[in-house]
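Note that these values count all heavy atoms, side chains included, but never hydrogens, waters or copies made by symmetry. In what follows, chains are A, B, ... by sequence order, proteins preceding strands, each numbered from 1.
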There are 2 protein chains.
Amino acid sequence: MPAPPPEGGSPAQGGPTDHTLQITNQRGYGYHTQMNVSSKPERSRLSAEDWENAALHLIAEQGVGALAVEALARQLGVTKGSFYWHFRTRESLLNAALERWERYGEREIISQIEEIADPRERLPELFRRVAHELQSHRVYAALLKALDHPQVVPVMARVSQRRMEFLTTAFREAGLPPAQALNRARLTYAAYVGFLQLNFTLGLPRINHEEFDAYIEHMIATLIPG
Amino acid sequence: MPAPPPEGGSPAQGGPTDHTLQITNQRGYGYHTQMNVSSKPERSRLSAEDWENAALHLIAEQGVGALAVEALARQLGVTKGSFYWHFRTRESLLNAALERWERYGEREIISQIEEIADPRERLPELFRRVAHELQSHRVYAALLKALDHPQVVPVMARVSQRRMEFLTTAFREAGLPPAQALNRARLTYAAYVGFLQLNFTLGLPRINHEEFDAYIEHMIATLIPG
DNA sequence: CGTTTACCATACGGGTGAGTATGGATTGAC
DNA sequence: GTCAATCCATACTCACCCGTATGGTAAACG
């Protein structure tokens, strides 16, 4: 068996690679490519992280169901032979991509909000920032529609649980008694999730910018005590 | 070509059949079956509506992606030969099922709510009834996760639009000025949609009955003016 | 009672996508 | 430069599922 070692964790591990979960272009602009301006995408060697990023990119655009290895390979300019060197199976890619997303996609906002001194200003600031960075929540919205998939359920459970706890303490710090703070967090988070669903794939709240801002302010006035 | 006539609208149309969108058992307890208690499901002839109901049943349980004709046939105790007599293609079944759901699943609640005399009592009543009949919204929750499917988008757009308008007028009748009523309706509907997502497939708000009722009352107190 | 019509089974063709086998090409170590 | 490790291409198998073709059976009608 001269088969290469496509282990679960993949051979490439450790090292000072840049971990910032950039789901931008297909390839991460390789290290030393020949800088050709031809139509073909730049060629270099791929790593497992490249596949994970491409997978997250595809999930954000077309959902978990569209995650096919041959489609990904075409998009990356290679064939399946490359994929099955880095990953054992399609599920392992999904797991790795989800794990990666959970790790590096968490403290985008929460850590920034926690630095705000006045607790009463945190929630309005959180609402406004989330509303103006909806694009970064496309993976979450796509995963929300794939909750029938057994692999995404635990990830989403953990992420939603953490966000819910953050919201609950924020509402407590804003002056609500504990029981009300928990329910208000549930309501707020449900409104957030529902808005993602209704806004992305369905384009239901067909509203322009200023109307959207007015909606956000209405949310703030309705949900945040003060 | 001795091929039978599987037209779009299907041959069976009109007639005093019971239209109540019952997504209960696999077969609708046929007209004159032999009432056997054997393990095999009761045998009779199937109609297009039986297939549509079974399709909605399957969609509610496993999502739109799991709607396969052979799986449905197995579940109904027949083979594909039966299906392709009633329907021309798989898409036509989906369209028929969605159309059926849109028609008969609409005025379950709205018509009942409209009969309430006092407008200020309508919204709390609506909230409580919807909260205690979540099971009938499983199809809507499943369709919500299939918004990348082109066939479900127009249906969901129409249904959501109607419900949004109903909510908007209800909030106006409850005393809110028009602009605020619209935004409050958006917020309320987003909370409804998000709760469906977080509750069904993800079991996130792991709360018992009295805690759930408390949450509903919190929603009423927070979102409904007065 | 026989014939037509409605409904279903069986068997097949075709397309898609996951996973495997294996050899070739590229890179880095020495 | 050589050799081994790493990465990728090609070709294949297998399973699943849509749709078709066609013959069979039970119900409806005369």
Side-chain angles (χ1 to χ4, degrees), chain A residues 1-15 27 30-34 40-51 54-55 58 62 64-95 151, chain B residues 1-13 15 27-28 30-34 40-51 54-55 58 62 64-95 151:
Chain A
M1 296 166 202
E7 291 307 313
S10 76
Q13 251 186 359
R27 306 284 290 261
Y31 292 60
H32 27 55
T33 73
Q34 61 268 25
K40 298 281 182 64
E42 304 89 35
R43 277 304 187 87
S44 87
R45 317 291 284 280
L46 292 179
S47 70
E49 297 178 354
D50 294 326
W51 284 96
L58 205 160
Q62 307 190 29
V64 178
L67 184 60
V69 306
E70 287 174 300
L72 257 189
R74 270 193 304 272
Q75 186 177 327
L76 286 172
V78 292
T79 63
K80 306 195 303 182
S82 171
F83 176 83
Y84 285 101
W85 192 92
H86 294 285
F87 296 93
R88 217 181 56 253
T89 172
R90 195 201 89 126
E91 292 187 357
S92 66
L93 170 65
L94 221 191
N95 284 328
Q151 308 182 52
Chain B
M1 297 166 202
E7 291 307 311
S10 76
Q13 254 187 358
R27 307 283 290 260
Y31 294 61
H32 27 55
T33 74
Q34 59 267 24
K40 297 282 181 65
E42 303 90 36
R43 276 302 186 89
S44 87
R45 316 293 283 280
L46 291 179
S47 70
E49 298 178 353
D50 293 327
W51 284 95
L58 203 159
Q62 306 190 26
V64 178
L67 184 61
V69 306
E70 287 173 303
L72 256 188
R74 270 193 303 272
Q75 186 176 327
L76 285 171
V78 292
T79 64
K80 306 195 304 184
S82 169
F83 175 83
Y84 284 101
W85 193 93
H86 295 285
F87 296 93
R88 214 180 59 253
T89 173
R90 194 201 92 124
E91 292 187 356
S92 65
L93 169 66
L94 221 189
N95 283 329
Q151 307 183 52

What's the [atom1]-[atom2] distance between [X] and [N], to the nearest Å?
X       : N      : atom1 : atom2 : answer
A/Leu94 : C/dA18 : CG    : P     : 11 Å
A/Trp51 : D/dC7  : CH2   : P     : 13 Å
A/Phe87 : D/dC7  : CZ    : C1'   : 14 Å
A/Tyr84 : C/dA18 : OH    : P     : 6 Å
A/Leu72 : C/dG19 : CG    : P     : 13 Å
A/Gln75 : C/dG17 : CD    : P     : 14 Å
B/Phe83 : D/dT20 : CZ    : P     : 11 Å
A/Arg74 : C/dT16 : CZ    : P     : 10 Å

Hey, are the side chains of [X] and [Y] touching, using non-hydrogen atoms and a 4.5 Å cut-off?
X       : Y       : value
B/Leu46 : B/Trp85 : no
B/Tyr84 : B/Val69 : yes
B/Leu72 : B/Leu58 : yes

For A/Ala71, what residues pass the side chain to side chain contact (heavy atoms under 4.5 Å, CB included) criterion, not counting sequence neighbours? A/Ala68, A/Arg74
Listed partners of B/Thr79 passing side chain to side chain contact (heavy atoms under 4.5 Å, CB included), at least two apart: none
Nearest to the side chain of A/Trp85, heavy atoms from C-beta on, is which of D/dT6, D/dT20, C/dA9?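 The answer is D/dT6.
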B/Lys80 side, atom NZ; B/Arg90 side, atom CZ - distance, nearest 0.5 Å: 13.0 Å
Do A/Asn95 and A/Ser92 meet the criterion of a side-chain donor-acceptor pair at a distance under 3.5 Å?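 There is no such pair between these side chains.
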Is there a donor on the side chain of A/Arg45 or the base of C/dT27 sitting less than 3.5 Å from an acceptor on the other? no
B/Thr89 side chain near D/dG19 phosphate (N/O to OP1/OP2, under 4.0 Å):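 It does, given that an N or O in the side chain of B/Thr89 lies less than 4.0 Å from OP1 or OP2 of D/dG19.
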OP1 or OP2 of D/dC8 versus the side-chain N and O atoms of A/His86: is any pair under 4.0 Å?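 For D/dC8, OP1/OP2 do have a side-chain N/O of A/His86 under 4.0 Å.
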Might you list the N or O atoms of the protein lying below 3.5 Å from N or O atoms in nucleotides 10-14 of chain C, with each pair's distance?
none

